[in-house]
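Data block below; observations after.
Every chain is numbered from 1, with letters handed out A, B, ... down the list of sequences.
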Amino acid sequence: MYALVDAISFYASAEKVFDPSIRNKPVVVLTNNDGCICAVCPIARKLGVPKFKPYFQIKNFLAQHHVVIRSSNYELYADLSEKMMNVVARFCDEQYVYSIDESFLHFKHYQTIIKDWHQYGHKIRRAVWKETRLPVGVGFGTTPTLAKAANHAAKKLSGYNGVAVLNDETSIHAALSRMAVTDVWGIGTRLGCKLKVLGINTAWDLAQQSPQAMRKQFSVLVERTVNELNGVTCLSWDEVKQPKKEIFSTRSFGQRITSIHALSAALTSHSVIVGRKLRQQNSLVKRLHIFASSSPHDDNYYKKSLIYEFPVATDNNCQLAKAISIVLKSIYQPNVNFYRCGVGAIELVDGNYQQPDLFMPNKNNPHLMNCFDKINHRYGQGTMQLAGEGSSQQWQMKRYFLSPSFTSKWQDIPKIVC
DNA sequence: TCTGGGGTCCTAGGACCC
DNA sequence: TCTGGGGTCCTAGGACCC
């Protein structure tokens with residue numbers, strides 16, 4: 001049995017945790033630079049606020065309906081996410097954190113112990129709510145795709161009340177026949193359109209297809225999805241939690257930048273983020289993709305990207321930053337209004353099997369980076385920086401509606417007034 | 001006045017090589 | 001009459017997810 005535990009409109013709910021005054025109000029959260037809407041709480045959803053619409057296009061509508069607006073507060077979300085994941089982890093010995101607000105659980109040895117999955121799901125929900133004040137949905141299924149579908153049912157379909165269990169023909173039919181085919185994990189709008197032409201409208205319709213035919217017509221991925229919807233596990237636990245094959249950090253700037261120093265600082269910061277993520281999954285990077293561009297909405301769209309290949313794969317921030325300094329001059333162009341930039345590790349190797357260079361001393365110092373990570377995890381990302389990241393905040397993102405960092409800054413700790 | 005997210009994976013097609 | 005390989009690497013863009 002698999003479970004997917006997923007917070008209900010996580011960013012919006014996180015904003016409500018330390019601010020009870022907005023708990024019963026419609027709340028939306030904006031993406032970086034306050035660009036688009038990226039989270040809509042259930043109350044705001046009822047008003048018809050769409051996800052991923054540019055903010056400026058819907059500003060007036062939000063004002064009319066007194067919707068509370070927040071900029072993305074990643075420091076807060078990352079912290080609450082960790083707390084939530086820790087609570088969930090107590091309920092199963094195998095957890096895989098799939099994204100900031102979702103984790104899969106694999107109940108390999110629990111089949112005989114847990115008699116009532118519904119009850120168990122509610123137990124998880126209650127514990128998370130009690131300890132973090134975050135609402136979650138819990139979906140159980142015999143495959144990861146069914147667990148994902150169950151989670152959708154738990155949160156979006158009436159009658160489930162936050163927990164759904166899909167473990168037999170009846171329960172699977174009941175939920176899937178009420179779900180659009182595009183609500184299935186892995187079926188997006190494009191595939192959805194093509195499936196519609198074939199008369200496949202609901203998730204249940206898709207489950208009824210022959211896997212072989214789906215493979216022939218579409219891809220091996222759709223075949224796998226059909227099998228999974230029928231309780232045939234194709235995504236083994238090891239596959240679900242495989243390390244990432246690419247790791248990117250990219251961001252648009254709050255203000256356009258034109259100086260090479262600002263671009264250098266921004267790229268260096270991205271390389272530090274990539275470094276951290278590499279170390280988290282015990283990977284090393286062999287090739288690094290480094291890029292910067294003006295806005296695609298601009299007249300003279302400029303973009304430039306380069307690949308830097310390391311002689312010996314690394315996860316060391318200093319070496320990543322060095323790569324940036326080497327390619328910087330080839331990417332930078334005077335008179336370009338840079339709008340975004342980023343760094344991507346595109347060829348990764350397993351940290352356990354590093355191929356060293358016979359003629360070069362190993363410059364990787366795991367202890368240094370280990371210490372770096374520990375300090376930043378404890379005192380907040382950015383506490384310890386590379387000098388190359390700079391102290392100027394000129395290129396930092398716009399966050400006009402930022403809530404306090406309740407959990408990660410001393411001066412922002414909530415005060416209880418008696 | 002102007003504003004338009006970020007991350008991961010996959011594939012088609014071109015360039016190049018033998 | 002007409003036809004003409006196969007592999008690797010790179011890049012851009014598509015698709016999907018949150």
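Nearer the 5' end of DNA chain B, as judged by each residue's closest nucleotide, is the contact made by A/Phe56, out of A/Phe56 and A/Ser249. For the pair A/Pro243 and A/Arg340, both in contact range of DNA chain B, the more 5′-proximal nearest nucleotide belongs to A/Arg340.
Across all strands shown, A/Tyr339 has heavy atoms under 4.0 Å from sugar-phosphate atoms exclusively, and none from any base. Using a 4.0 Å heavy-atom criterion, one finds that A/Gly344 contacts no nucleic acid atom at all. Across all strands shown, A/Leu221 has no heavy atoms under 4.0 Å from either base or sugar-phosphate atoms. A/Val184 comes within 4.0 angstrom of sugar-phosphate atoms only, judged by non-hydrogen atoms across all strands, and of no base. Across all strands, A/Ser219 comes closer than 4.0 Å to no nucleic acid atom at all (heavy-atom distances).
Here the nucleotide nearest the side chain of A/Cys36, chosen from C/dC18, C/dG13, B/dG5, is B/dG5. You'll find that the side chain of A/Ile307 is closest to C/dT11, out of C/dG13, C/dT11, B/dT8. Set against C/dC16, C/dT11, B/dG6, the side chain of A/Arg190 has C/dC16 as its closest nucleotide.
A close approach under 4.0 Å does not occur between any side-chain nitrogen or oxygen of A/Lys59 and OP1 or OP2 of B/dT3.
Using a cut-off of 4.0 Å between Lys/Arg side-chain N and Asp/Glu carboxylate O, A/Lys286 and A/Glu347 are scored as not salt-bridged.
Nearest heavy atoms, A/Leu386 versus A/Cys318: CD2-SG, 4.3 Å.
Ring geometry for A/His106 against A/Tyr2 counts as parallel: the plane angle stays under 30°, on a 0 to 90° scale with 60° as the upper cut.
Rounded to whole angstrom, the span from the CZ atom of A/Arg251 across to the C1' atom of B/dG4 amounts to 16 Å.
Of the possible donor and acceptor atoms, one in the side chain of A/Lys16 sits under 3.5 Å from a partner among the backbone N and O of A/Arg23.
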